[in-house]
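Beneath this line is the structure, given in structure tokens, with notes to follow.
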Amino acid sequence: MIEPQDERHRAWPRDFTPKLVTVLREGYGRAALGRDALAGLTVAIVALPLSMAIAIASGASPESGLYAAIVGGAIVSALGGSRYQIGGPAGAFIVLVAAIIARHGFDGFLLATMIAGLILVALGALRLGTYIRYIPHPVIVGFTAGIAAIIFVSQLKDLFGITLAGPEPGPVLDKLGALVAAAGSASPLAIALSAATIAVIVGVKRLAPTAPGMLIAVALAAAATAAFDLPVETIGTRFGGIPGGLPAPSLPAISWERVIEVLPDAFAIALLGGIESLLSAVVADGMSGRRHRSNMELVAQGVANIGSALFGGLCVTGTIARTATNVRSGAVGPVAGILHAGFLLGFMLAAAPLASHVPLAALAGVLVLVAWNMAEKHEFAAILRRSRSESVVLLATFLVVVFRDLTEGILVGVVLGAFVFMHRMATMVGVEGGETGSTSEPDESETASGRDVMVYRFTGPLFFAASSTVAAALERIGRVPPAVVLDLSAVPLVDSSAAHELEGFVARVRGGGAIVVIAGARPELRRFLARVGLKPPVVRYAASVAAARADAERALRSSPSDPGS
């Protein structure tokens, strides 16, 4: 028999082995390389315009998105715990990154990203990857929909070619007010380009689903802008183009004061990155039938964020759309993700001069569609129809994310979700039997010496949220019987609050001279109850209700004058 500690020692190297190593051990040949190369090229074509668009929307330069996709994407695939995960900049980070850059500058953002990488490595090393996935589903849906709404609003300026008198406000309501006030400056040409970009992407998806609609649409918009010298804002006019290669790695300015200043933002990046990457890995598992290693994935995401920041790139996470594209394109393993990074580097080296002609209206059109697709509209509506309590969690998360803050939205959602869960678990708790038995069927206390031995059946988890229910049921006992059996066979857990109520009940009935037998308690539950004082001779233990009744009746016969002894 393997001891639990030995099992943990055996699981450690397995849990922290990159999937790349696993795939290579299984045997990796030319056919697999060909499939991975095709998948990597397909994903790179999707990632090229998207990485630049996300960077621009985040308040950074377009090359920072490409650096993240190249450096971070290669590291995620090389070290990650998923066969198919594609790492890079994600739309979910746009709002957070823009806010951090506005507060601390781009150098401060790079420092926060590096610290977030260290946090993710620590979370993975401590095997906490499983717990991040315990965030309630309504929180995730509300959070994602909130981010989608913010991304959509953030693209309205470039989508319509609006010119603002000053800097664009950050808060959603202020932003909308400024855009409405400046609506008269909208450019019909920018509107036409963004509408044409959206139309091409949607049309290509319907007519040729496997074709790279985003790249085709952006390339056509750039070609039209260059050929006709259209007077619209482009990457070149705003940023001066993009570099033709990767920069040398360098550290941002680091000081103790600076670290303390950006630490809350680093935790926000780590939390969002961990959630997004593990969600993406779960999606890949569902599509492929494989199973990812969550803790190794967090470690890889952490190292990728450190590497991306060293090269001046955005923060990195698993990207659901690109990961799904990778799976659908027939990828065999992580080599596809590494090749995707290589293809992106090749595109940047070869096409850097052409990127300066890409109109920002076209990239805004791309992100509007990204926001529309990531909003999970059907699931949002389904939760509203399905459950009133989950709807409260969903809407609270959504509204706080949109109008307050991303991290606050997650915290509010998780707290509300926890209360909903505790309420539901508390309603599952039941106490039946005794003189006030609530069951309609005859209770065991009704048979044989039922007036001498009363059986109380507990069902469900006995924890602090249910302790008042337990206390109320036990207080209804009128006459103290000679013997009481507490049936805990249907109780999965007892916490200290409920144990305190049971201890008080046992003290009361023992004070009246009764014998107390606890029946059906699992070994771990019995050990816990013993630690809080419910152990022999205070109480007796039996494997079943029948054994408990027999034990109680023997004790009553042997000590009729002092049944509590």
Anything under 3.5 Å between a donor and an acceptor, one on a side chain of residues 265-275, the other on a protein residue two or more places apart or in another chain? List them.
unit_1 : atom_1 : unit_2 : atom_2 : d
D265   : OD1    : R103   : NH2    : 2.5
D265   : OD2    : H104   : NE2    : 2.8

Inset, instruction - Start with the C-alpha gap between F403 and E408, add the side-chain angles, then the distance that decides, and say whether side chain to side chain contact (heavy atoms under 4.5 Å, CB included) holds. - result: CA-CA 10 Å; F403 297 109; E408 288 181 18; over 6 Å; no
Legend entry - Distance, nearest 0.5 Å, that separates CZ of R557 from CG of D452: 10.5 Å
Legend entry - Side chains of R25 and T17, donor plus acceptor under 3.5 Å: no
Legend entry - Distance, nearest 0.5 Å, that separates OG of S496 from CD of E503: 11.0 Å
Inset, instruction - Report yes if some heavy atom in the side chain of R424 is under 4.5 Å from a heavy atom in the side chain of V420; otherwise report no. - result: yes
Inset, instruction - Find out whether Y541 and L534 are in side-chain contact, i.e. whether some heavy atom of one side chain is under 4.5 Å from a heavy atom of the other. - result: yes
Inset, instruction - Using a 4.5 Å cut-off on heavy atoms from C-beta on, say whether the side chain of P492 contacts that of R522. - result: yes
Inset, instruction - Evaluate the side chain to side chain contact (heavy atoms under 4.5 Å, CB included) criterion for residues K377 and F380: first the C-alpha distance (whole Å), next the side-chain angles of each, then the deciding distance (0.1 Å), finally the verdict. - result: CA-CA 5 Å; K377 302 170 290 297; F380 197 103; 5.5 Å; no
Legend entry - Least distance between heavy atoms, P18 atom then L79 atom: CB-O, 3.6 Å
Legend entry - Atom of T323, atom of T319 and distance for their closest heavy-atom approach: OG1-O, 2.7 Å
Legend entry - Point-to-point distance, once rounded to the nearest 0.5 Å, from OG of S280 to NE2 of H292: 9.5 Å
Legend entry - T113 (side chain) donor-acceptor with F109 (main chain) under 3.5 angstrom: yes
Legend entry - Test log, rule side chain to side chain contact (heavy atoms under 4.5 Å, CB included), inputs C315 and V97: CA-CA 8 Å; C315 44; V97 173; 3.6 Å; yes
Legend entry - Approximate separation, where rounding is to 0.5 Å, of L314 CG and F93 CZ: 10.0 Å
Inset, instruction - Sequence neighbours left out, what passes side-chain hydrogen bond (donor to acceptor under 3.5 Å, both in side chains) with E26? Give chain and number order. - result: R83
Legend entry - Any E524 side-chain heavy atom under 4.5 Å of L493 side chain: no
Legend entry - Check: S308 side chain, A69 main-chain N or O, donor-acceptor pair, under 3.5 Å: no
Legend entry - Test item: N295 side-chain N/O and A125 main-chain N/O as donor-acceptor pair under 3.5 Å: no
Inset, instruction - Identify the heavy atoms of P482 and L556 that sit nearest to each other, and give their distance. - result: CB-CD2, 3.7 Å
Legend entry - Minimal non-hydrogen separation, A68 against V316, with atom names: O-CG2, 3.8 Å
Inset, instruction - Consider only side-chain N and O atoms of S277 and Q85, and report whether a donor and an acceptor are under 3.5 Å apart. - result: no
Legend entry - Side-chain heavy atoms of S288 within contact of Y84, under 4.5 Å: yes
Inset, instruction - List the atom of F463, the atom of D495, and the distance in Å for their closest heavy-atom pair. - result: CA-OD1, 3.1 Å
Inset, instruction - Please name all residues satisfying side-chain hydrogen bond (donor to acceptor under 3.5 Å, both in side chains) with E379, sequence neighbours left out, ordered by chain then number. - result: H137
Legend entry - Within 6.0 angstrom of R386 CZ, more than 12 heavy atoms from elsewhere: yes
Legend entry - Worked verdict on V538 versus V516 for side chain to side chain contact (heavy atoms under 4.5 Å, CB included): CA-CA 8 Å; V538 177; V516 180; over 6 Å; no
Inset, instruction - Taking all heavy atoms of A74 and all of I338, pick out the closest pair and write down the distance. - result: O-CG1, 4.0 Å
Legend entry - Heavy-atom donor-acceptor pair, N326 side chain to R322 backbone, under 3.5 Å: no
Inset, instruction - Would you mind reporting whether L120 and V299 have side-chain heavy atoms less than 4.5 Å apart? - result: no
Legend entry - Minimum side-chain heavy-atom gap I86-V76 below 4.5 Å: no
Inset, instruction - First locate atom CD of E276, then atom CD1 of I140, and finally report the distance between them rounded to the nearest 0.5 Å. - result: 9.5 Å
Inset, instruction - Can you measure from CG (L310) to CG (N305) and round to the nearest 0.5 angstrom? - result: 11.0 Å
Legend entry - Sub-4.5 Å side-chain heavy-atom contact between L394 and L384: yes
